[in-house]
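Read through the structure below, which is laid out as structure tokens, and then see the notes.
Counting begins at 1 with the first residue of the sequence. Hydrogens, waters and symmetry mates play no part in the numbers below; they use all other heavy atoms, side chains included.
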Amino acid sequence: MQSPNSQVVTAQSRLREQLASAMAGVGGGLSAADRLCVACVELLPVDGAAISVIHDGVSRGTFGSSGEFSRRLDEFQFTFGEGPCLDAVSTGAPVLVSDLADPSERRWPAFTPAVLDAGVHAIFALPTAIAAVHIGVLDLFCTEPGPLSDTDLSAGMWAAELAALPLLDLMNSDLDWEAAGEGGDGWDQLASLERVEVYQATGILMGQLDLDSIEALARLRAHAYASGQTASEVAWDIIERRLVLDSDDTPTSGYDAGSI
């Protein structure tokens with residue numbers, strides 16, 4: 001008869017094997033990242049999963065997700081410039097929030113209410129490293145509050161390690177982050193992260209309002225914050241001419257454009 005500790009180790013090993021098996025034969029890049037997120041939802045007591053790419057302290061894209069719901073939740077971190085994935089990369093340690101509605105949880109004044117409104121009450125951000133450098137995060141979302149068990153958290157940490165494989169494919173593609181932001185050679189590569197619309201809309205605002213790229217992006221994010229949308233949703237409205245911002249559209253109180 002196995003001891004309780006042996007049973008935990010066996011359960012952890014089984015989950016790790018199942019996650020690795022789910023990744024077998026998928027290939028690399030985006031398809032592998034999406035499959036890993038779907039496997040997390042299938043094997044762990046979570047309702048969504050997403051993999052973020054972080055560069056220079058900024059969320060650069062949603063590299064993988066279990067579905068549109070998780071992709072939108074991850075998008076809030078880019079929109080507001082705050083959230084557990086950014087903290088997980090900056091500290092190199094997991095950020096585990098079992099109850100976002102806890103009154104003592106005040107770390108992300110814009111991100112938290114948006115996610116709660118979407119129906120998510122717990123989030124677990126697990127950093128992913130390549131060559132000891134943290135460049136991504138696996139976010140696990142739960143609609144009900146409560147912590148992950150030690151077994152499930154261990155499996156989640158293993159999944160975050162597996163996420164390094166598709167992220168390594170991205171890093172080996174020689175993505176030029178600066179060129180991507182200015183519409184240069186990195187444009188097509190950044191499009192694979194499905195956030196190219198933000199850069200396109202930023203370029204439109206630069207021309208319309210005579211702003212530099214930082215000010216234009218801050219204006220776009222501020223409008224998203226004020227209207228309860230994601231940055232991508234506002235970007236598509238700008239691109240498709242459903243929305244025109246003018247020089248009087250400034251960041252509202254409560255939104256720190258200078259922190260972006």
Side-chain angles (χ1 to χ4, degrees), residues 1-24 26 31-54 59 62-74 76-77 83-102 104-105 107-108 111-112 115-116 118-130 134-167:
M1 182 175 180
Q2 286 186 320
S3 67
N5 285 342
S6 296
Q7 291 174 349
V8 169
V9 171
T10 298
Q12 290 174 342
S13 298
R14 185 181 302 113
L15 279 172
R16 289 189 173 203
E17 290 173 0
Q18 290 173 318
L19 284 166
S21 177
M23 296 288 289
V26 175
S31 61
D34 284 341
R35 179 56 195 147
L36 178 59
C37 291
V38 171
C40 286
V41 174
E42 292 174 344
L43 298 172
L44 302 175
V46 301
D47 301 294
I51 299 172
S52 299
V53 177
I54 312 297
S59 173
T62 303
F63 189 53
S65 72
S66 56
E68 287 305 313
F69 177 64
S70 296
R71 187 172 293 279
R72 190 170 194 274
L73 291 172
D74 185 64
F76 282 129
Q77 302 190 74
C85 80
L86 300 176
D87 288 2
V89 166
S90 67
T91 63
V95 176
L96 312 175
V97 186
S98 59
D99 187 0
L100 284 164
D102 186 331
S104 65
E105 183 51 71
R107 282 176 286 184
W108 314 296
F111 172 80
T112 296
V115 172
L116 284 171
V120 168
H121 287 78
I123 184 169
F124 309 97
L126 312 175
T128 294
I130 295 177
H134 293 96
I135 51 85
V137 174
L138 171 65
D139 283 328
L140 303 176
F141 305 104
C142 299
T143 57
E144 297 295 329
L148 292 176
S149 69
D150 289 344
T151 297
D152 292 328
L153 180 57
S154 174
M157 294 293 291
W158 172 242
E161 291 183 28
L162 290 176
L165 298 177
L167 283 172

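- Shown here are the salt bridge (Lys or Arg N to Asp or Glu O under 4.0 Å) partners of Glu105, two or more places apart in sequence or in another chain: Arg107.
- You'll find the side chain of Phe111 stays beyond 4.5 Å of the side chain of Leu116, heavy atoms only.
- Residues meeting the side-chain hydrogen bond (donor to acceptor under 3.5 Å, both in side chains) test with Asp99, sequence neighbours left out: none.
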Evaluation steps, side-chain contact (heavy atoms from CB on, under 4.5 Å), between Phe69 and Val120
CA-CA 10 Å; Phe69 177 64; Val120 168; 3.7 Å; yes

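- Taking CG from Leu73 and OG from Ser65, the interatomic distance works out to 10.0 Å, rounded to the nearest 0.5 Å.
- Between Ala160 and Pro127, the closest heavy-atom pair is CB-O, 3.7 Å.
- You'll find the side chain of Phe141 reaches within 4.5 Å of the side chain of Ser70, heavy atoms only.
- With Thr91 contributing its side chain and Asp87 its backbone, the two residues share a donor-acceptor pair below 3.5 Å.
- Proximity of Leu100 to Ile123: side-chain heavy atoms (C-beta onward) are separated by under 4.5 Å at one or more points.
- For Trp158, there are no side-chain hydrogen bond (donor to acceptor under 3.5 Å, both in side chains) partners, not counting sequence neighbours.
- Residue Ala122 comes nearest to Glu144 through the heavy atom pair CB-O, 3.8 Å, listed as atom of the first residue, atom of the second, then distance.
- Here the side chains of Leu36 and Ile51 are in contact, with some heavy-atom distance below 4.5 Å.
- Between Val95 and Phe124, every side-chain heavy-atom pair lies at or beyond the 4.5 Å cut-off.
- Contacts of Ser149 classified as side-chain hydrogen bond (donor to acceptor under 3.5 Å, both in side chains), with partners at least two apart in sequence or in another chain: Asp152.
- In summary, of the residues considered (Asp34, Val53, Val137, Asp74), a side chain to side chain contact (heavy atoms under 4.5 Å, CB included) with Phe63 occurs for Val53 alone.
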Can you give me every donor-acceptor pair (side chain of residues 37-50, partner residue at least two apart or in another chain, under 3.5 Å) with its distance?
from, atom 1, to, atom 2, distance (Å)
Glu42, OE1, Arg35, NH2, 3.2
Asp47, OD2, Thr143, N, 2.7
Asp47, OD2, Thr143, OG1, 3.0

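- Thr128 is linked by a side-chain hydrogen bond (donor to acceptor under 3.5 Å, both in side chains) to nothing, counting only residues two or more places apart in sequence or in another chain.
- Using a 4.5 Å cut-off on side-chain heavy atoms (C-beta onward), Arg71 and Ser66 make no contact.
- Here SG of Cys85 is found 5.5 Å from CG of Asp139. Values are rounded to the nearest 0.5 Å.
- Considering only heavy atoms from C-beta on, Cys142 stays 4.5 Å or farther from His121 through its side chain.
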